[in-house]
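Start at 1 and go down the list; that is how both ligands and their atoms are numbered. All heavy atoms count here, side chains included; hydrogens, waters and symmetry mates do not.
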Amino acid sequence: MFDTAVQQPAHLDDRDLARDRFEAIRNQTEALAANLSPEDQAIQSMPDASPTKWHLAHTSWFFETFILGPLDPGYRVFDPAFAYLFNSYYEAVGPRHPRPERGLLSRPTADAVGAYRDHVTTAMLRLIEGAGAAAWREAAPRLELGLNHEQQHQELILMDIKHLFSVNPLLPAYQAPRRYALPSAAAAAGWVEFAGGLHEIGDAGPGFAFDNEGPRHRVWLDPFRLRSHPVSCGEYREFIADGGYGRPEFWLSDGWAIVQQQGWQAPLYWRALDGEWRIFTLSGERPIEPAEPVCHVSCYEADAFARWAGKRLPTEAEWEVAADGVPLAGNLADGGYFHPCPDAMPEPREPALRQMIGDVWEWTASPYIAYPRFRPAAGAIGEYNGKFMSNQMVLRGGAAVTPSGHIRITYRNFFPPASRWAFSGLRLAEDL
Ligand SMILES: [Fe+2]
């Protein structure tokens with residue numbers, strides 16, 4: 001049921017390191033839920049979102065189902081009913097509770113889910129320390145996948161609780177406002193040019209990557225340029241003021257239909273009050289900050305903005321080639337802002353790509369499909385990514401809610417083009 005040929009990161013040979021990493025990531029998940037009441041943790045605000053409590057349990061189910069059950073003969077299942085409740089989408093491991101009904105689960109209680117987490121964590125620590133060499137060879141790559149999986153759910157917890165709080169008229173704040181350094185002078189946006197030709201993209205190892213990031217392969221690119229910065233709230237406000245949401249010439253047909261159906265007039269979490277735009281954040285509602293990257297736009301809105309600006313979205317290959325060598329640092333979750341920030345770095349001498357990592361996931365013009373010669377793993381774990389490769393678009397670069405150490409230049413996030421609750425923005429591209 002699991003492809004044991006998945007590459008084993010070298011550091012997983014070191015069990016002390018594996019244990020420390022496991023404990024740190026489990027603790028981080030629990031820290032995200034620490035300020036939430038049991039009521040906060042139980043509610044589901046829309047079918048795409050899940051209750052915090054469900055995320056806390058499901059990430060434990062993953063370790064129980066794919067590591068402890070198959071590899072630890074002494075493991076005692078915490079509650080056999082949880083296999084049904086907390087399976088997300090794995091057909092190969094059995095039936096599951098319908099996703100849109102996760103918010104109806106007042107039981108198990110938040111306390112019971114906490115006990116489930118403790119049970120799985122304790123068993124995993126025992127396995128990490130005590131598994132024989134053969135079992136550890138099997139367990140180590142699954143552990144790495146499970147930890148990356150849990151980090152993905154850390155981001156989902158923040159996305160989902162933000163949506164939940166946004167539909168509460170009290171507009172609760174998840175955390176106190178965090179001040180960020182405003183740029184001393186607005187960093188002048190420029191363009192950075194890239195040569196065309198034959199390039200390579202995709203994961204080449206040796207560290208962990210999801211299966212969808214490979215195989216590494218060649219792509220042909222014509223010369224292009226990318227904007228130095230993501231599109232800002234101030235720039236996006238000009239698109240709105242210019243009637244962007246009322247002018248079909250900028251919109252893909254499917255996008256225009258949704259604008260009509262949903263009555264979209266601005267990004268998700270924007271609200272007009274007394275002629276000013278306000279924005280809901282995880283630190284509550286406040287006026288928009290024009291210098292910060294626009295966030296919570298769908299791919300349709302990103303594409304419409306780009307057309308209005310006379311530009312286009314980059315392809316994922318252009319984004320990845322451009323990002324080659326960019327440090328894996330930026331406004332990520334570990335900074336604690338949980339919101340995109342203005343570019344406060346010192347002005348570079350020459351135009352350079354800024355904020356490629358962190359702040360907002362950047363929509364690309366690329367459909368989420370398999371790379372050439374991609375083959376999902378055999379068995380249940382092959383369902384992790386491969387079966388979602390239709391009707392979604394790729395986003396790159398991570399956001400302010402993405403855990404540090406989780407993002408890679410080759411990382412392919414994906415959402416349906418109408419989706420807006422991820423921390424999604426855009427960067428403009430242009431042909432040369
Ligand atoms: Fe999951």
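Under the side chain to side chain donor-acceptor pair (under 3.5 Å) criterion, Gln392 pairs with no residue at all, not counting sequence neighbours. Partners of Tyr384 by side chain to side chain donor-acceptor pair (under 3.5 Å), not counting sequence neighbours, listed by chain and number: Gln152. Applying the salt bridge (Lys or Arg N to Asp or Glu O under 4.0 Å) test to Asp303 and every residue at least two apart in sequence or in another chain returns Arg307.
Between His149 and Phe62, the two ring planes are parallel [angle under 30°; tilted spans 30° to 60°]. Relative orientation of the Tyr89 and Phe388 rings is perpendicular, given thresholds of 30° and 60° on the angle between their planes. Classified by interplanar angle (parallel below 30°, tilted 30° to 60°, perpendicular above 60°), the ring pair Tyr116/Phe78 is tilted.
Take the Fe ion (ligand 1) and draw a sphere of radius 2.8 Å; the protein N/O/S atoms inside it number 3.
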